[in-house]
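Quick note on labels: first sequence line is chain A, next is B, and so on, each numbered from 1.
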Amino acid sequence: MIRDQIAELVTKAIKKAQHKGDLPKYASPPVEIARPKDTGHGDYTTAVAMQSARFARMAPMAIGQAIAKRLPQVDYLDAAEVVPPGFINFRLSERWLAGQVAAIEAAAGRYGDVDLGHGQTCQVEFISANPTGPLHMGSARNAVLGDVVASLLDAAGYAVQREYYVNDAGTQMRTFAETLYRRYQQALGQAAPLEPHHYQGTYMLDLAAAVIAEHGDRFLSMAEEDAIAALSAIGETLELASIRESAAGLRIHFDRWFTEKSLYDDGIFERVMARLRQAGLTELKDGAVWLRTSALGSDRDEVLIRSDGRPGYYASDVAYHYDKFVQRGFDRVIDVWAVDHQNQARRMPHLMKALGLDPDRLTIVLYDLVRLYRDGQEVKLSKRSGDIVTVDEVLEEVGADAVRFLLLTRSNNSVMDFDLNLAVQQSDENPVYYVQYAHARMASILTTAAERGFQPDRWAVADTALLQHPAEMALLRKMVELAEVIEKAATQLAPHHLAFYALELAGVFHAFYRDCRVVSSDPADVGVSYARLRLVAATKAVFARVLGLMGVNAPDSM
RNA sequence: GCCCCCAUAGCUCAGUGGAUAGAGCGUCGGCCUCCGGAGCCGAAAGCGCAGGUUCGAGUCCUGCUGGGGGUACCA
């Protein structure tokens, strides 16, 4: 990346200046290259001269000039400037910027990729909602976040796998099956009232009806436990199908659906427990089996097997992550969880240590809750109370592009207010359309040009050295930034940077459109027109790339 | 009580310790005689409070206020 190259130039220049005696010998702070807020200060800047002042015992300006004096000439930069109070500013050369058009074309849809992962395998596990009801809007944030994190890691050089963990072995599943059984009985004329802990949602009535349509009344004659077991499996299958469909509606597809049950059925759970036992990390206390995480840096131990003999959720987590890292050998794993699992997240490093794994290989992405508003009132989401807003409903009203983009314009740890009325009512004013409009406009320019006799095979090889207008340069500069945005977003696992970048890129494109006539009827402009058409085509590709990473469509017309 | 997150424009939100804090929506005023006005240009408007660290703080530290979340042999 160009920014890293500049950092290296400066680092070498400092050493050289010290070697030549322009600077005293001191341990330089690491050179950090930043983007100035004000483009008038150039494309890149470093404050290293100011940071070095107390070590060098020199004025920042003098240090800056000593460094600048030893900077080599490179084709991608104009001469560096040292300005008070000691910034060293760099500007990308226009010739190099114009050459980026060819670089974008050569990247063939992967412009902006960075190599942080070096091909390591990385699993991203997300959504993982219990298959006890339809996907609701709380999960939508998880869904979009996880999906785009996965895309970002792919762009950052990881071999990524998307996985959905099906919690089908716990208490929630049992409650779900009991509820289904009672709704089933009710639908067939029997008195079987729900209890408060059962799922109250009306979707359970539909589910019971679906079961009756398919299987009739045959479960009535079975023993209750057998019926519940059968209905549990049937219900799970139906709910998973529904979740899969809703996820597809959000344009999300998983490489694998991993069931909690398989941990027990395939012997993985027993293997992990034996391993922990052998490591001397388990302890019997009050009739339960505990994992001695207090010996691994935790302030408490965790229950593995409850005194009733059933495994607790922590034990599932241990077994599941054992499977991820040891059985399947992922180099890195990302789990995407809502912030109400923060306590669980804190315990994960101890789990890793118990398995003898480096805790840094596991990252938990926590995101804050989505608060839904309808008619000015907050809508509480709870599957148990039955008060839910489903992903399907919102998709139907707002559409996947708007939902995804809206969810991506918030940083992970901000509580998000999602006004359903506003989302629908203002859909035409939604920022996603601002970005998509820019893309459609580019497509339109290219087709208009072709209609007026400009030939695509000629603009594909146009002379980009003719690109010199400030608006053209601004557009190129913004596109060069993409690699930095991808690196930042992938490092922080914070996809919202992409959304804001897309808005900025749209902004500079619209400015270019305003200032630079692309398709001109003046014969004197033919050369520039062709160069600009090539630039527009490249910009369109970058736009499609950014939107693609976000899972948002890049339409040619709207 | 203790722990975590948050507090930036009227609203919803960005902002890697740097040089004049941004966007969308909303408000007000402008702009279509060759490329899409779902656009562009301009205006009003902001870092919760009090200390501290630093050459430099929206950003780091402490306290306070307000909001959210967490503190189980539930997940």
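Checking the phosphate oxygens (OP1, OP2) of B:C73, no side-chain nitrogen or oxygen of A:Ser307 falls inside 4.0 Å. OP1 or OP2 of B:C6 lies within a sub-4.0 Å distance of a side-chain N or O belonging to A:Asn413. For B:C31, neither phosphate oxygen OP1 nor OP2 lies less than 4.0 angstrom from any side-chain nitrogen or oxygen of A:Arg514. Phosphate proximity of B:G18 to A:Lys37: absent, as no side-chain N or O sits under 4.0 Å from OP1 or OP2. Regarding contacts with the backbone of B:A75, a side-chain N or O of A:Arg306 is found under 4.0 angstrom from either OP1 or OP2. For A:Thr409, no side-chain nitrogen or oxygen approaches OP1 or OP2 of B:G24 to under 4.0 Å. For A:Thr448, no side-chain nitrogen or oxygen approaches OP1 or OP2 of B:C35 to under 4.0 Å.
Checked against a 6.0 Å centroid threshold, the rings of A:Phe509 and A:Phe543 do not count as neighbours.
Base engagement by A:Ser521 is indicated by at least one non-hydrogen atom pair under 4.0 Å involving a base atom. Across all strands shown, A:Arg371 has heavy atoms under 4.0 Å from sugar-phosphate atoms exclusively, and none from any base. Among the protein residues, A:Asp556 comes within range of the nucleic acid bases, having at least one heavy atom under 4.0 Å from a base atom. If you check every strand for non-hydrogen atoms under 4.0 Å, A:Ser444 touches a base. Among the protein residues, A:His41 comes within range of the nucleic acid bases, having at least one heavy atom under 4.0 Å from a base atom. At a threshold of 4.0 angstrom between heavy atoms, the contacts of A:Val339 are confined to the sugar-phosphate backbone, with no base atom among them. Using a 4.0 Å heavy-atom cutoff across all strands shown, A:Ala288 reaches at least one base atom of the nucleic acid.
Using a distance-only test at 3.5 Å, with no hydrogens or angles considered, a donor-acceptor pair links the side chain of A:Thr179 to the main chain of A:Thr175.
A cation-pi geometry, defined here as NZ or CZ lying under 6.0 Å from the six-membered ring centre and within 45° of its normal, holds between A:Arg441 and A:Tyr513.
The aromatic rings of A:Tyr164 and A:Trp257 sit parallel, their planes meeting at an angle under 30°, below the 60° perpendicular limit. Between A:Tyr320 and A:Phe258, the ring planes are tilted. Angles from 30° to 60° get that label. Relative ring orientation between A:Phe500 and A:His496 is described as perpendicular, the plane-to-plane angle rising above 60° on a 0-90° scale split at 30° and 60°.
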Under a 3.5 Å cutoff on both atom distances, Watson-Crick or G-U, what's the dot-bracket for RNA chain B ([ ] crossing, | other strand)?
-> (((((((..((((....[...)))).(((((.......)))))....(((((..]....))))))))))))....
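Using atom C1' as the reference point in both B:C35 and B:G56, the two lie 47 Å apart (nearest Å).
Across A:Asp43 and A:Leu92, no two heavy atoms sit closer than the pair OD2-N, 2.7 Å. A:Arg141 and A:Asn412 make their closest contact through NH2-O, 3.5 Å (heavy atoms, listed as atom of the first residue, atom of the second, distance).
Taking the nucleotide of RNA chain B with the nearest heavy atom to each of A:Asp515 and A:Pro36, the more 5' of the two is matched to A:Pro36.
Ring-base stacking between A:Tyr513 and B:C35 is satisfied, the centre separation being under 5.5 Å and the plane angle under 30°.
Across residues 470-499 of chain A, A:His496, A:His497 each have a non-hydrogen atom less than 4.0 Å from an atom of RNA chain B (numbered order).
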